[in-house]
Novice: 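For reference, the structure I am asking about is given below.
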Amino acid sequence: MFINTLRHFLLTTLLLAFTLSAPAQVPELIDNPEFRTDAKAAVDSIYNFNFDGADERLSTWKGKYPDHPLWTLIDGMKFWWKVLSDLQDTSHDEQFYHIMKKASYQAGKLLYDHPSHVDGLIIKAISNGYMARQYANRSEWLTSLNYARKAMNAYEYLLEVNPGLPDLKLAEGLKLYYSAYLPEAYPIVQTVSWFLPDGNKQKGLELIRIASENAIFAQAEATYFLGNINYNYEENYARAIHSFEKLHSQYPNNNYYARILVKAYYKQNRYDEALDFIDRTLARWQRDSLPYLKVMQEELLSWKGRILDRIGLDAEALESFKKAFRAGEELPATQSRSFHAYSGYYAGKILYEQEKLDKAATYLKKVAGADVESSYPERAEELLSKIR
């Protein structure tokens, strides 16, 4: 009797000690239908700049599983919009990289103990994918490629452990599309085309379309890439604008999606729609005190000025360019801002044509000294040489 009692006591003690010392199991939240609903709603809130709403939607899950690395990724996704809203401002880059590297590191620790953990693989893929995209924005191609490989490695493993995850359709679709497109567009790539997986542009586009309808974390990104590919590579402008209009409709407070829609309208000569959209959007941004008003004014008023100039309304175009130029002067890294150079050059050009040479020179001198990857500084210098 005593031996049995002692055995039970020792067993209970050992089990209790193990329970107290072992780390809590990190659950695979993505397999929980209730979490999927909340996660999708939270991501939608982030993309619509409702960050408090996203936090509120996930608060119960975060309270229950505070050590889950997903919350670091969510912080990084929120911070992404601080970066993307004004790419000319590089001051936020390092903090963004820090957050995403932390998310990737935390996911790596989780995967070390549980190599097939779906949440860990998703976090690894998304965090590295975001970093690859931002390093590409900064033309740091080798670093971008390094993080892209890490993201794709995680996606490849996800395909094995959870092939039904709708977010994977985006990665697979992009891989299929670009594996087919690159050898066609760039003959030099054909020499190493054996290195690429078999591509199929139409199947790739179809998978991206499916992701744009069903993905959890990547739905908006899939819609964006669908529009971007149709616009830049397929020259299917109607479908591209449809994607951009869908993004703006779904995320009306997202300045980036509003700006790419205006660009698409302009490039398709849909001037009436562009002018109406610009006026309504800027009025709403000011009325509702939405973030990044100056960025919106700098870019949208530049497009407005260009449209008005094209249809022969020089005086109205000049005022629009002037307003855009002033907005750029109130933003960081003024001399590196492409739309600041754009609006300044056209303001100077119109003033030059009006023979208001001193006023024209004021704008053109600033543009000539700009540090931007465009022809506007050179074109400004040419006009200045005529004035001198």
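Predicted model, so just to flag it, every value in this text is computed and none were measured. In this chain, residues are counted from 1 in sequence order.
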Novice: Is the count of non-hydrogen atoms from other residues, nucleotides or ligands lying under 6.0 Å from Glu353 atom CD greater than 12?
Specialist: yes
Novice: Considering the options Trp81, Tyr135, Trp80, which one meets the ring pair (Phe, Tyr, Trp, His ring centres under 6.0 Å) requirement together with Phe96?
Specialist: Trp80
Novice: Determine the minimum heavy-atom distance between Ala107 and Lys124, stating which atoms define it.
Specialist: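 Where Ala107 meets Lys124 most closely, the heavy atoms are CB-N, 4.0 Å.
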Novice: So, does Asn230 use its side chain to make a donor-acceptor pair with the main chain of Leu226 at under 3.5 Å?
Specialist: yes
Novice: Take the angle between the ring planes of Trp61 and Tyr65 and call it parallel below 30°, perpendicular above 60°, tilted in between.
Specialist: parallel
Novice: Asn50 and Arg57: side-chain donor and acceptor closer than 3.5 Å?
Specialist: no
Novice: Once you round to the nearest 0.5 Å, how far does CG of Leu275 lie from CG of Leu300?
Specialist: 11.0 Å
Novice: I'd like to know if the side chain of Asn48 reaches the main chain of Asp44, judged simply by a donor and an acceptor atom lying under 3.5 Å from each other, with no hydrogens or angles considered.
Specialist: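 No, Asn48 side chain to Asp44 backbone: no donor-acceptor pair under 3.5 Å.
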Novice: Would you say the side-chain atoms of Thr334 pair up with the backbone N or O of Leu331, donor to acceptor, closer than 3.5 Å?
Specialist: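 Side chain of Thr334 to backbone of Leu331: a pair is present.
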Novice: Using a 4.5 Å cut-off on heavy atoms from C-beta on, say whether the side chain of Leu290 contacts that of Asn255.
Specialist: no
Novice: Would you give the length of the straight line joining atom OH of Tyr47 to atom OG1 of Thr223, rounded to the nearest 0.5 angstrom?
Specialist: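 Atom-to-atom, Tyr47:OH and Thr223:OG1 are 10.0 Å apart.
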Novice: Could you grab the distance from atom CD1 of Ile350 to atom OH of Tyr345, nearest 0.5 Å is fine?
Specialist: 10.5 Å
Novice: Using 0.5 Å steps for rounding, measure from the CD1 atom of Ile208 to the CG atom of Leu174.
Specialist: 4.5 Å
Novice: In the structure I gave you, are the side-chain heavy atoms of Gln134 and Ser144 within less than 4.5 Å of one another anywhere?
Specialist: no
Novice: Examine the side chains of Glu245 and Tyr265 and answer whether a donor and an acceptor come within less than 3.5 Å of each other.
Specialist: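 Present: a donor and an acceptor within the cut-off.
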Novice: Under 4.0 Å between a side-chain nitrogen and a carboxylate oxygen: does that hold for Asp55 and Lys78?
Specialist: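 Looking at Lys78 together with Asp55, the answer is yes, because their closest N to O distance falls below 4.0 Å.
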Novice: Is the distance between the ring centroids of Tyr157 and Tyr155 under 6.0 Å?
Specialist: no
Novice: Using only atom types and a distance under 3.5 Å, with no angle test, would you say the side chain of Asn162 pairs donor to acceptor with the backbone of Val118?
Specialist: no
Novice: Between the main-chain N or O of Ser85 and the side-chain N or O of Arg259, is there a donor-acceptor pair closer than 3.5 Å?
Specialist: yes
Novice: Is a donor on one side and an acceptor on the other found under 3.5 Å between the side chain of Ser179 and the backbone of Leu176?
Specialist: no
Novice: Tell me the salt bridge (charged side-chain N to carboxylate O under 4.0 Å, His left out) pairs involving residues 84-95, sequence neighbours left out?
Specialist: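 Output for this query lists Asp86-Arg337, Asp93-Arg138.
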Novice: In residues 368-387, what donor-acceptor pairs under 3.5 Å come from side-chain atoms, sequence neighbours left out?
Specialist:
residue, atom, partner, partner atom, Å
Ser374, OG, Tyr376, N, 3.4
Glu381, OE2, Arg388, NH1, 2.9
Ser385, OG, Glu382, O, 2.5

Novice: Looking only at non-hydrogen atoms, find the nearest pair between Asn253 and Phe49 and report the distance.
Specialist: O-CD1, 3.7 Å
Novice: Could you please spell out the steps behind the ring pair (Phe, Tyr, Trp, His ring centres under 6.0 Å) verdict for Tyr237 and Tyr231?
Specialist: CA-CA 5 Å; Tyr237 302 114; Tyr231 189 91; 5.3 Å; yes
Novice: If you look at every heavy atom in Arg36 and Pro166, which pair is closest and at what distance?
Specialist: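 Shortest heavy-atom contact: NH1-CD, 4.1 Å.
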Novice: Identify the two heavy atoms, one from Gln219 and one from Tyr251, that lie closest to each other, and give their separation to 0.1 Å.
Specialist: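 Residues Gln219 and Tyr251, closest heavy atoms: OE1-OH, 4.5 Å.
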Novice: Inspect the contact between Lys109 and Asp113 and indicate whether a charged nitrogen and a carboxylate oxygen are less than 4.0 angstrom apart.
Specialist: no
Novice: Around atom CG of Asp272, are there more than 12 heavy atoms from other residues, nucleotides or ligands closer than 6.0 Å?
Specialist: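 It does not: Asp272 CG has 12 such atoms or fewer within range.
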Novice: For residues 318-327, which side-chain N or O atoms pair as donor and acceptor with protein atoms under 3.5 Å away, sequence neighbours left out?
Specialist:
residue, atom, partner, partner atom, Å
Ser320, OG, Leu301, O, 2.7
Ser320, OG, Gly305, N, 3.3

Novice: Arg306 and Tyr342: side-chain hydrogen bond (donor to acceptor under 3.5 Å, both in side chains), yes or no, with the steps?
Specialist: CA-CA 9 Å; Arg306 193 69 190 274; Tyr342 179 100; 3.3 Å; yes
Novice: With a 4.5 Å limit on heavy-atom distance, are the side chains of Gln202 and Leu205 in contact?
Specialist: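 Result yes, sub-4.5 Å side-chain heavy-atom pair found.
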Novice: Is it the case that over 12 heavy atoms from other parts of the model lie below 6.0 angstrom from the NZ atom of Lys101?
Specialist: yes
Novice: Sequence neighbours excluded and cut-off under 3.5 Å, please list the side-chain donor-acceptor pairs for residues 357-367, or say none.
Specialist:
residue, atom, partner, partner atom, Å
Thr362, OG1, Asp358, O, 3.1
Lys366, NZ, Glu329, OE2, 2.9

Novice: Tell me yes or no: between the side chains of Thr72 and Gln106, is some donor less than 3.5 Å from an acceptor?
Specialist: yes
Novice: Would the distance check show the side chain of Asn228 and the main-chain N or O of Tyr224 forming a donor-acceptor pair, the cut-off being under 3.5 Å?
Specialist: no
Novice: State, yes or no, whether a side-chain contact exists between Val83 and Thr90 at a heavy-atom distance under 4.5 Å.
Specialist: no
Novice: Going by an N to O cut-off under 4.0 Å, is there a salt bridge joining Arg149 and Glu156?
Specialist: no
Novice: Could Arg209 and Glu206 be called an ion pair, given the rule that one side-chain N must be under 4.0 Å from one carboxylate O?
Specialist: yes
Novice: Any chance NZ of Lys246 has more than 12 other-residue heavy atoms, nucleotides or ligands included, within less than 6.0 Å?
Specialist: yes
Novice: Between Asp167 and Ala211, is there a donor-acceptor pair closer than 3.5 Å when you use the side chain of the first and the backbone of the second?
Specialist: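 Looks like no, no N/O pair under 3.5 Å.
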Novice: For the NE2 atom on His242, are there more than 12 heavy atoms of other groups (residues, nucleotides or ligands in this structure) within a distance under 6.0 Å?
Specialist: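 No, not enclosed.
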Novice: Can you check whether Ser116's main-chain N or O pairs, donor with acceptor, with His114's side chain at less than 3.5 Å?
Specialist: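 Side chain of His114 to backbone of Ser116: no pair is present.
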Novice: Scan residues 273-296 for pairs that pass ring pair (Phe, Tyr, Trp, His ring centres under 6.0 Å), counting only residues two or more places apart or in two chains.
Specialist: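 Pairs touching residues 273-296 that pass the test: His248-Phe277.
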Novice: Determine yes or no for a side-chain-to-main-chain donor-acceptor pair under 3.5 angstrom, with Ser302 supplying the side chain and Glu298 the backbone.
Specialist: yes
Novice: Considering all heavy atoms of both residues, which atom of Ala132 and which atom of Ala148 are nearest to each other, and what is their separation?
Specialist: CB-N, 3.6 Å
Novice: For the residue pair Asp75 and Ile99, what are the closest heavy atoms and their distance?
Specialist: C-CG2, 4.1 Å
Novice: Please list all pairs passing the salt bridge (charged side-chain N to carboxylate O under 4.0 Å, His left out) test where one or both residues lie in residues 220-235, with sequence neighbours left out.
Specialist: Arg133-Glu221, Lys201-Glu234
Novice: Set out, in order, the CA-CA distance, both residues' side-chain angles and the distance that settles salt bridge (Lys or Arg N to Asp or Glu O under 4.0 Å) for Lys169 and Glu172, then state yes or no.
Specialist: CA-CA 5 Å; Lys169 297 291 191 292; Glu172 188 66 15; over 6 Å; no
